Amino acid sequence: MKQITIDPITRLEGHGKIEILLDDNGRVENAFFQVPELRGFEKFCEGRPVEELPQIVTKICGVCPGCHHMASGKALDAVYGLTPPPTARKLRELFYMAHFVHSHIAHFYALAAPDFIVGPTAPPMERNLIGVIGKVGKEIVAEVIKQRRFAQEIQALLGGHQTHVVMNIPGGVRKGLTEQERDDIEKKARGFVDFAKFSLQLFENVVLGNKDYLDLITNGPYRLSLHSMGLVDEHNYVNFYDGKVRVVDTVGNEICKYEPKDYLDFIEEHVESWSYLKFPYLKQIGWKGLVEGQQSSLYMATPLSRLNVADGMATPLANVEYIKMFDTFGTKPVHFTMAMHWARLIELLYAAEHCLELARDPDITGTELRAPLGKIVGEGVGTVEAQRGTLTHHYFTDEKGITKKVNLIVGTTNNNGAICLSIKMAAMQLIQPGVEIDEGKLNLIEMAFRAYDPCFSCATHHLPGKMPMEVKVRDASGKIIQTIIRKDQ
Amino acid sequence: MSDSKEKAKLKLAVYWGAACGGCCVSVLDIHEKLFAVVEAADLVFWPIALDVKYQDVEGMPDKFIDITLFNGAIRNSENEHLARVLRQKSKILIAYGTCAHLGGIPGLANFFNKDLIFERLYDECESTVNPDKVRPMTEQHLEGLHLRLPEFYKDVYTLNDIVPVDYFMPGCPPQSERLVEVLEAVFSGAELPPTGSVIGANEKSQCEECERKKSDNKKIKQIFRSYEIEDDHETCFLEQGVICLGPATRSGCGTRCIKGNAPCRGCYGPPADVIDPGAKMMSAIATMIDSDDPDEIARIIEGFPDPAGTFYRFSLPASILRRTIL
Amino acid sequence: MSYQPTILAFLCNWCAYTGADLAGPSRMKYAANVRIVRVMCSGRIEPTFVLEAFREGADGVLICGCHPGDCHYQSGNYKCLRRYHLLKKYIAQMGIEEERLSLEWISASEGRQFATLVDKYTESIRALGPGKVFENAKIKVAHE
């Protein structure tokens, strides 16, 4: 028996590590994915005035703070029994679409592109954005940086603080738009649409047009069959900001569709002693452990899951791409993990188109920014789609609006079980007895993890430099018996 | 940025403790300037961006890294371990961002303790089902594997509580333009300020840069929560009766929250020579209360719930009292 | 030996300190647990002083100033009063019993009242037991 440790997981947001157990024949017997971090938002928000929460919960994640801010704002609306007026709601959505634009662009070019465009087992020194430049040209990278910068500027305009946004109050927003600002956003949004179209074309040419990559997507060790979850609007189209939560099973039949405020009737969370992160699962099936398939209670909430549960995209260009993707695979739902990258780009196009729609909406420069205050309800649920999954904030307050309890189910948390399975399966299929475990293989295992993470992490600027990796192989007593070092050249 | 072709490239590391990733984002938010950074420096450790693992850093010679930007608070044993390793391996260690500087938002956990946090998360949370009261374990043997998790400490600490820090760059996160100024100074070989200085921030308080209209008359008969007023978007928040920590907070962020029409919550930390900004704000707010009658004073203060969580939103671990007594 | 509370008392120069100074030469006995710090006005007391006192190990903090209307500087004692109210709310949130902080008005002629106050206050702090801030504020990592 030998144990391989990969610590820390890299090229994504957050802390994580992988432990792999090899039997005496060198076959993978078991693998664990552990989350070693915890801060305790669900406790230390207690005692805070509830209207302060939208600005505290953004610090859960500095990569998708806008998602927490939106879920929190919606929970606040419910706590105070308020419905934001049309201008306020549209301003929130406009911010949110820009937030998706910057995040999805950055994730694709920083995380996906090196593995696909340069190659999954290419030398590590090339497997970064500089290698991507070599393949697609420097102008593209400069364009990526520029588009991301524009999206950040829109967020700063609407939300004050461009990362830890401050815009939401109960029943509305703090700041409106002038006509000049609106015009500037419209120009930028047009650029987003063009860039999204270009990115999809790039994916088609470089990834789908490459037989080896297509093979990796469909026949590699990255297929996980689990239920899918996402928010849908009244037409069952993908919606990031609002709607009902829909869950479909591994063959596409609807398991449930519910109002976000009723989530406790449908979702429970399991605790394991080897991870700080909890494991959400479908309540009606009950905890069945870390297993895949129709009988599992685990589900996935990713860009691919969102497209799986929906009947289409709400904007025309994105909908064309949606149909194209499912036609290509010839099946729905799609369970190829790598297809998450494709789904992400389709979502990018939707976010860009919707951003443009909202920028052109006559209400967007309206002056009614908030609903008048009424009597406090004292409890509220706010759910949105974060880039990495369905995000729920649930607040309880006293009659003065002081927070008494907070429950959160965060985007990535939904996928905890699925990620464990993906890593285990990748390790089991990729590590073969008698075959050297080289650094390319290690990266292929990490790719199973990376596909889930839409957090824009290393963003646009994946830098050249040393990428050594050292893996220590231990025997059952913990003694190091082999050290595999992946050096860059 | 200066032409650094003839100079050896500086080695730069960015690492996170109990963090949200926002400080790493702030590094990327220097946008096009990042190309110049890449020319002048080699990044040698940055988990969000590079595949360098802990073993690699532990194997580096001492003082191998020229500058480390350490963001995030010290919450667990892994954070502490990396703080010590990076102190050893770095010539210059910068506490980057509010969490490393003052404890930050994770520092709010100092209102509670580990047992209360674990109880809430793993037993009480509405969607959590855990009848056997399973808790994460720092070490166990399971299914043939030796599994470990970092130990969750009883308190949150700042970086400077654990290791000596050379410089502090405040902000949640630091405003990217300030980072560019600091990097440009470093790359140009300019003389660095004395060890222990706050860099990348201005000397004076937020009020100096705030564009809202201010008068000398800051007397209030009532304290309002920020959503309780119709903010006129022009007048000083304090004069409208809304608590704003601007007077006791360093400037340098460009008053970004105030530009979004939200009052300052103090992430840039205290101005020079102030030990405890929350205590200073208490004085300032008390001075503003327009009453000499104990009952009326008590009534006015009633309108201000959570002074501890407001005055020490970002700085509880660095405050004089450091944590609640439970 | 039973626990002897340590109390830090901030007395304003013009009234409270003078009143305390009256107690001495008049040979009025009062508990020796109080360490006196003289300030020109109770309006000089800032929350930092009180918090640092607790941090350094004070079990109780007593502030004495001029009666309302008698402040040598007109309104310093009112400023102190407002800070005191806010400080009480803060320390209550921090788990410090609010009785550990007290504000009393003592005039220059109230030597006996001062002595009585000190005795009474010392006993109330003794009843509360030692303050916990000193221990809590220490930095201890690992293995709690």
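Note that the coordinates shown come from a computational prediction; the quantities given were computed from them, not determined experimentally. All values below were derived from every heavy atom in this structure, side-chain atoms included, with hydrogens, water molecules and symmetry-related copies excluded.
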Asks: Roughly how far, to the nearest 0.5 Å, is the CD1 atom of I30(B) from the CD1 atom of I145(A)?
Replies: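 Here the rounded value is 9.5 Å.
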Asks: Examine whether an atom of Q55(A) lies under 4.5 Å from a heavy atom of chain B, and if so say whether it belongs to the side chain, the backbone or both; otherwise answer neither.
Replies: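 For Q55(A), the contact with chain B is made by the side chain alone.
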Asks: Distance alone, cut at 3.5 Å: any donor-acceptor contact between the side chains of H146(B) and Q3(A)?
Replies: no
Asks: E268(A) and S127(B): side-chain donor and acceptor closer than 3.5 Å?
Replies: no
Asks: Looking at E46(A), K278(A), K400(A), which has the largest count of heavy-atom pairs under 4.5 Å with chain B?
Replies: K278(A)
Asks: Between R75(B) and chain A, which part of the residue has a heavy atom less than 4.5 Å away: side chain, backbone, both or neither?
Replies: side chain
Asks: Sort I409(A) into side chain, backbone, both or neither according to what part of it lies under 4.5 angstrom from a heavy atom of chain B.
Replies: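 The answer is the side chain of I409(A).
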Asks: Using a cut-off of under 4.5 Å on heavy-atom pairs, state which of I117(B), N79(B), N76(B), I258(B) scores highest against chain A.
Replies: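 When all of I117(B), N79(B), N76(B), I258(B) are compared, I117(B) has the most.
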Asks: Would you say the side chain of H161(A) lies within less than 4.5 Å of the side chain of K259(B), judging by non-hydrogen atoms?
Replies: no
Asks: Select, from E19(A), E37(A), K59(A), H394(A), the one with the greatest count of heavy-atom pairs under 4.5 Å involving chain B.
Replies: K59(A)
Asks: Would you check if R174(A) and D231(B) make a side-chain contact, meaning some heavy-atom pair closer than 4.5 Å?
Replies: no
Asks: Counting only non-hydrogen atoms closer than 4.5 Å, does K175(A) touch chain B with its backbone (N, CA, C, O), its side chain (CB onward), both, or neither?
Replies: both
Asks: About how many Å separate CG of L147(B) and CD of E272(A), when rounded to the nearest 0.5 Å?
Replies: 10.5 Å
Asks: So what's closer than 4.5 Å to chain B heavy atoms on F279(A): side chain, backbone, both or neither?
Replies: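 It is neither, since no heavy atom gets under 4.5 Å.
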Asks: For F304(B), is it the side chain, the backbone, both, or neither that has a heavy atom closer than 4.5 Å to a heavy atom of chain A?
Replies: neither
Asks: Between chain B and each of I402(A), V165(A), L157(A), I169(A), count heavy-atom pairs under 4.5 Å; write down the option with the most.
Replies: I402(A)
Asks: Hey, is NZ on K283(A) packed in by over 12 heavy atoms from elsewhere, all under 6.0 Å?
Replies: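 Counting other residues, nucleotides and ligands, NZ of K283(A) exceeds 12 neighbours.
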Asks: Does any heavy atom of chain B fall under 4.5 Å from the side chain of V35(A), the backbone, both, or neither of them?
Replies: backbone
Asks: Going through the checks in order, is the side chain to side chain contact (heavy atoms under 4.5 Å, CB included) test met by K405(A) and E124(B)?
Replies: CA-CA 10 Å; K405(A) 288 189 290 187; E124(B) 296 170 3; over 6 Å; no
Asks: Using heavy-atom distances under 4.5 Å, tell me whether A73(B) contacts chain A through its side chain, its backbone, both, or neither.
Replies: neither
Asks: Checking heavy atoms, do the side chain of I60(A), its backbone, both or neither come under 4.5 Å from chain B?
Replies: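 It is the backbone, since no side chain atom gets that close.
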Asks: List the steps and the verdict of side chain to side chain contact (heavy atoms under 4.5 Å, CB included) for F32(A) and L142(B).
Replies: CA-CA 10 Å; F32(A) 277 77; L142(B) 188 63; 4.0 Å; yes
Asks: Distance only, no hydrogens: is a donor on one side chain within 3.5 Å (strictly under) of an acceptor on the other, for E51(A) and S226(B)?
Replies: no
Asks: Quick check on I267(A) against chain B: is it the side chain, the backbone, both or neither that has a heavy atom closer than 4.5 Å?
Replies: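 It is the backbone, since no side chain atom gets that close.
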Asks: Does the plane of the ring in H15(A) sit parallel, tilted or perpendicular to the ring in Y15(B)? Use 30° and 60° as the thresholds.
Replies: perpendicular
Asks: Which answer fits E78(B), side chain, backbone, both or neither, if we ask what part of it has an atom under 4.5 Å from a heavy atom of chain A?
Replies: side chain
Asks: Shorter than 4.5 Å, heavy atoms on both sides: which option in P280(A), C45(A), G47(A) has the most such pairs with chain B?
Replies: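 Answer, by heavy-atom pair count under 4.5 Å with chain B: G47(A).
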Asks: Between E32(B) and R149(A), is there a side-chain N and carboxylate O pair less than 4.0 Å apart?
Replies: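 A salt bridge is present here (some side-chain N lies under 4.0 Å from a carboxylate O).
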Asks: Which bit of S275(A) is near chain B, if near means a heavy-atom gap under 4.5 Å: side chain, backbone, both or neither?
Replies: backbone
Asks: Can you tell me which portion of V173(A) sits under 4.5 Å from chain B's heavy atoms? Options are side chain, backbone, both or neither.
Replies: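 Neither part.
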Asks: Which value, rounded to the nearest 0.5 Å, describes the distance between R39(A) atom CZ and I105(B) atom CD1?
Replies: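 Answer rounded to 0.5 Å: 10.0 Å.
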Asks: Say you draw a straight line from NZ of K43(A) to CG of D115(B); how long is it, rounded to the nearest 0.5 Å?
Replies: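 Rounded to the nearest 0.5 Å, the NZ-CG separation comes to 11.0 Å.
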Asks: At a 4.5 Å cut-off on heavy atoms, which part of C267(B) comes close to chain A: side chain, backbone, both, or neither?
Replies: neither
Asks: Answer yes when R313(B) and E52(A) have at least one side-chain N-carboxylate O distance shorter than 4.0 Å, and no when they do not.
Replies: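 Salt bridge between R313(B) and E52(A), a charged N being under 4.0 Å from a carboxylate O: yes.
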Asks: Using non-hydrogen atoms and a 4.5 Å limit, figure out which bit of Q140(B) sits close to chain A: side chain, backbone, both or neither.
Replies: side chain
Asks: Using non-hydrogen atoms only, which part of F45(B) is less than 4.5 Å away from chain A: side chain, backbone, both, or neither?
Replies: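 Interface part for F45(B): neither.
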Asks: Looking only at heavy atoms and a cut-off of under 4.5 Å, which of L264(A), T392(A), L21(A) has the most pairs with chain B?
Replies: L21(A)
Asks: To the nearest 0.5 Å, how far apart are CG in N130(B) and CD in E269(A)?
Replies: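 Atom-to-atom, N130(B):CG and E269(A):CD are 10.5 Å apart.
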Asks: Indicate yes or no for a side-chain donor-acceptor contact from Q152(A) to the backbone of D29(B) under 3.5 Å, with no hydrogens or angles considered.
Replies: no
Asks: Answer with side chain, backbone, both or neither: which region of I20(A) has an atom nearer than 4.5 Å to a non-hydrogen atom of chain B?
Replies: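 For I20(A), the backbone is the part near chain B, not the side chain.
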Asks: Tell me, out of P8(A), G160(A), A156(A), who's got the most heavy-atom pairs with chain B below 4.5 Å.
Replies: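 Heavy-atom pairs under 4.5 Å are most numerous for P8(A).
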Asks: Compare all side-chain heavy atoms of D132(B) with those of V271(A) and state whether any distance is below 4.5 angstrom.
Replies: no
Asks: Could you look at F112(B) and say if it's the side chain, the backbone, both or neither that has a heavy atom under 4.5 Å from chain A?
Replies: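 Contact with chain A involves the side chain of F112(B) alone.
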Asks: Going through the checks in order, is the side chain to side chain contact (heavy atoms under 4.5 Å, CB included) test met by N110(B) and F44(A)?
Replies: CA-CA 8 Å; N110(B) 279 6; F44(A) 65 66; over 6 Å; no
Asks: So how far is it from M137(B) CE to W274(A) CH2, rounded to the nearest 0.5 Å?
Replies: 13.5 Å
Asks: So, the side chain of R265(B) versus the backbone of I56(A): is there a donor-acceptor pair under 3.5 Å, distance only?
Replies: no
Asks: Go through Y281(A) and V129(B) one step at a time and tell me if the side chain to side chain contact (heavy atoms under 4.5 Å, CB included) criterion holds.
Replies: CA-CA 10 Å; Y281(A) 59 96; V129(B) 175; 3.8 Å; yes
Asks: Could you check which of C20(B), S26(B), G22(B) has the highest count of heavy-atom pairs closer than 4.5 Å to chain A?
Replies: C20(B)
Asks: Contact part of F111(B) toward chain A, heavy-atom cut-off under 4.5 Å: side chain, backbone, both or neither?
Replies: side chain
Asks: For K53(B), is there an ion pair with D7(A) - N to carboxylate O distance below 4.0 angstrom?
Replies: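 No salt bridge links D7(A) with K53(B).
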